[in-house]
J.: 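Quick one: the structure is below, questions incoming.
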Amino acid sequence: MQRATTPPVERARVLRRNGRRSRWLHTLIYLSTLFLAYSGIAVLLEAHPGLARPLGGHVPTATSHRLVGYGLLAALALVAVVWWRPAGRFLANSLRFSRLDLRWLAGYPRMALAPASQRPAEHRGHFDPGQRVFNLLLLLALLALGATGIVMGMPERFLPAVYGWSLRIHELATWVLLGLVAGHLLLASGLLPGYRGVWRAMHLGGRVPAATARRLWPAWAAAPEREEAGGAADDAGGARQHSTDQLEGRGARRQQSGDQAVRRP
């Protein structure tokens, strides 16, 4: 078994993964989600009034849960309308799967727990395959929670059966979301060796160690623009990020031009 080693200089380098806009949006989503998860559980477990007591009781907790939920849906709709191109790229990158991803997923436990023992299988996505699965499940859970929350917010307009099914789906989606958040927090914490320093992608400037970036997102980390700039992207977060395919294509054309220049007499 070949042991993967990382030079000291490589371990010291950092690459910019996310700009300021992405980091603020991520903060808005996870703070809102944590509040909605707690307040939602407090409402569902009405038999345990101590859970709702910090928020003023059952009725204020239910009201704040509903208002924050509507606010988060409005914010996400605004992002999709105003920044539709980044939102579209996020969705496209999350939907991109190939047969290479199966090899990556098969070696995922070893990569996460013992990254130095063997280099993980390559993949070509902006997100790693695990991230893509998480992104899609998270979007589906949020859509289910939002749709059923709107239905339950207007019970007089629907049949009791519709309200009942909405409540069941809402409860199921809540537990799915909690499982996703727990897994995400485990990986983002950096406790697993394969994810050391990854939490910085959404905090403290959005920079991650180059070794971690090359392990999780090899095509993204090896892009020519990333190599030349050393990760010093525009911190405003509004600059358009090129897709992985575009960056790989530019790198191939640049390599081809260099080979032609060498062959010239």
Side-chain angles (χ1 to χ4, degrees), residues 4 6-7 9-26 83 85-108 111-112 115-116 118-136 138-139 184 187-188 190 192-256:
T6 304
V9 175
E10 179 71 7
R11 289 196 297 267
R13 291 189 66 234
V14 293
L15 301 178
R16 174 70 59 79
R17 176 66 175 174
N18 293 296
R20 184 179 302 168
R21 180 186 299 167
S22 298
R23 299 197 304 273
W24 277 107
L25 179 61
H26 178 265
W83 295 295
R85 286 184 178 176
R89 287 196 296 272
F90 172 84
L91 185 59
N93 287 327
S94 298
L95 289 170
R96 176 179 178 174
F97 290 94
S98 68
R99 286 180 294 180
L100 295 175
D101 298 337
L102 297 177
R103 294 178 55 196
W104 190 93
L105 291 171
Y108 176 79
M111 183 278 294
Q118 186 175 355
R119 186 177 299 276
E122 295 288 332
H123 72 87
R124 299 180 59 189
H126 178 81
F127 301 114
D128 66 56
Q131 279 182 293
R132 281 172 252 159
V133 173
F134 170 82
N135 291 343
L136 295 178
L138 180 66
L139 287 175
H184 182 67
L187 299 182
L192 299 181
Y195 286 84
R196 291 283 164 79
V198 75
W199 66 273
R200 295 176 180 270
M202 282 297 179
H203 303 278
L204 300 181
R207 295 179 176 89
V208 296
T212 301
R214 294 187 191 283
R215 179 167 57 250
L216 298 178
W217 317 294
W220 175 85
E225 282 79 356
R226 223 87 59 197
E227 292 292 325
E228 295 173 358
D234 180 17
D235 192 44
R240 183 180 184 275
Q241 296 184 2
H242 298 287
S243 67
T244 303
D245 287 340
Q246 289 173 322
L247 295 175
E248 289 176 348
R250 289 186 180 187
R253 290 193 297 270
R254 190 171 299 181
Q255 180 66 34
Q256 185 179 7

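The shown structure was predicted, so the numbers you read here are calculated from the model rather than taken from an experiment.
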J.: Once you round to the nearest 0.5 Å, how far does CG of Asp128 lie from CE of Met111?
T.: 6.5 Å
J.: Atom CZ of Arg200 and atom CZ of Arg16: how far apart are they, to the nearest 0.5 Å?
T.: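 Between atom CZ of Arg200 and atom CZ of Arg16 there are 13.0 Å.
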J.: Looking only at non-hydrogen atoms, find the nearest pair between Pro209 and Gly197 and report the distance.
T.: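 Closest heavy-atom pair between Pro209 and Gly197: CD-O, 3.6 Å.
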J.: Under the ring pair (Phe, Tyr, Trp, His ring centres under 6.0 Å) rule, collect the residues that match up with Phe90, sequence neighbours excluded.
T.: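 Per chain and number, Phe90 pairs via ring pair (Phe, Tyr, Trp, His ring centres under 6.0 Å) with Phe127.
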J.: If you round to the nearest 0.5 Å, how far is NE2 of His126 from OG of Ser94?
T.: 9.0 Å
J.: Please give me the minimum heavy-atom distance between Val208 and Ala213, naming the atom from each residue.
T.: CG2-CB, 3.9 Å
J.: Any donor and acceptor pair, going by atom type alone, linking the side chain of Arg196 with main-chain N or O of Gly190 inside 3.5 Å?
T.: yes
J.: Tyr108 vs Trp104 aromatic rings, parallel, tilted or perpendicular, using cut-offs 30° and 60°?
T.: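 Because their plane-to-plane angle lies in the 30° to 60° range, the rings of Tyr108 and Trp104 count as tilted.
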J.: Closest heavy-atom contact between Trp199 and Ala188?
T.: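 Smallest heavy-atom distance, with atoms named: CB-O, 2.7 Å.
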J.: Could you list the residues that satisfy salt bridge (Lys or Arg N to Asp or Glu O under 4.0 Å) with Asp101, not counting sequence neighbours?
T.: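 Per chain and number, Asp101 pairs via salt bridge (Lys or Arg N to Asp or Glu O under 4.0 Å) with Arg132.
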J.: Which heavy atom of Val198 sits nearest to which heavy atom of Leu187, and what is that distance?
T.: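 Heavy atoms only, the tightest pair is CG1-O, 3.4 Å.
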J.: Does the side chain of Arg96 come within less than 4.5 Å of His123's, by heavy atoms?
T.: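 Contact flag for His123/Arg96 side chains = no.
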J.: Determine the minimum heavy-atom distance between His203 and Arg23, stating which atoms define it.
T.: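 Heavy atoms only, the tightest pair is N-CD, 4.0 Å.
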J.: Where do Leu15 and Ala221 come nearest, in terms of heavy atoms and distance?
T.: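 Taking Leu15 first and Ala221 second, the nearest heavy atoms are CD1-CB, 3.9 Å.
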J.: From Arg21 CZ over to Trp83 CH2, what is the distance, rounded to the nearest 0.5 angstrom?
T.: 5.5 Å
J.: Backbone N or O of Ala201 within a donor-acceptor pair of the Asn18 side chain at under 3.5 Å?
T.: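 Here the side-chain-to-backbone pair exists.
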J.: Calculate, to the nearest 0.5 Å, the distance between atoms CG and CG belonging to Leu91 and Leu136 respectively.
T.: 7.5 Å
